[in-house]
Structures are given as structure tokens and as C-alpha cells.
Amino acid sequence: LIENSLGMVSLEMRQWKGTRFKILTQMLDGIEATVIGDSLEISTTAVYKNIEAGGLKTIVELFKTIETLLNKEIKKNG
């Protein structure tokens, strides 16, 4: 399931421009949209449009879920 999910995300990412990657990276760090916009010198509206168009909230949740599952496995086996 994890491999297939990451494969789907990878296919989606092939169409992205650099700004969307930067927004995702900052979202993963827990940075708010207004701060992201300021750091990238784009409007907050542009940030939200990228979040929506790229499904970034879903991707962030997916990555967090995968991280949790992997950490559980590491603790269990390691």
C-alpha cells in the first residue's frame, strides 16, 4: 500500500513546478500558508491554489501516516 501510494504521488509530482515542491516542503515543516507565501514571495492566494491543485494536504497527511507506520515498525523490530 505504501509503495503504491508513493508511486501515485510520484506520478503527480512529475507535473509540478518548483514552487509547488517548496510549498510542500514547508507544509511538511508545519509552516503556515501566509509565512510560506512571504518566504516564496508569492501571495497567500497563490499558496492556497497550489495546495488545492496539487492535493498537498492529502500528500502531507499521507507522508505523516507513512512516517508513523515506519516508526512503529522500527520500534517493534529494532
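- Interatomic distance, I51 CD1 to T58 OG1, rounded to the nearest 0.5 Å: 11.0 Å.
- When atom types are taken as modelled, the side chain of S10 and the backbone of L6 share no donor-acceptor pair closer than 3.5 angstrom.
- Sorted by first and then second residue, the side-chain hydrogen bond (donor to acceptor under 3.5 Å, both in side chains) pairs with a member in residues 24-34 read Q26-S39; sequence neighbours excluded.
- Taken to the nearest 0.5 Å, the CG atom of L1 stands 8.5 Å off from the CG atom of L69.
- More than 12 heavy-atom neighbours from other residues, nucleotides or ligands sit within 6.0 angstrom of CE on M13.
- Going from atom CZ of R20 over to atom CG of N50 covers 4.5 Å, rounded to the nearest 0.5 Å.
- Note that CG of L70 and OG1 of T65 are 11.0 Å apart. Values are rounded to the nearest 0.5 Å.
- With rounding to the nearest 0.5 angstrom, the CD1 atom of I42 is 9.5 Å from the NZ atom of K22.
- For residues 45-72, the set of pairs meeting the salt bridge (Lys or Arg N to Asp or Glu O under 4.0 Å) definition, not counting sequence neighbours, is empty.
- Minimum heavy-atom separation, G54 to I59: O-CD1, 3.5 Å.
- Rounded to the nearest 0.5 angstrom, L62 CG and I2 CD1 are separated by 8.5 Å.
- Among I23, V35, V47, the one residue that satisfies the side chain to side chain contact (heavy atoms under 4.5 Å, CB included) test with L40 is I23.
- Residue pairs meeting the ring-ring contact (aromatic ring centres under 6.0 Å, His included) criterion with at least one member in residues 19-72, sequence neighbours excluded, are W16-F21.
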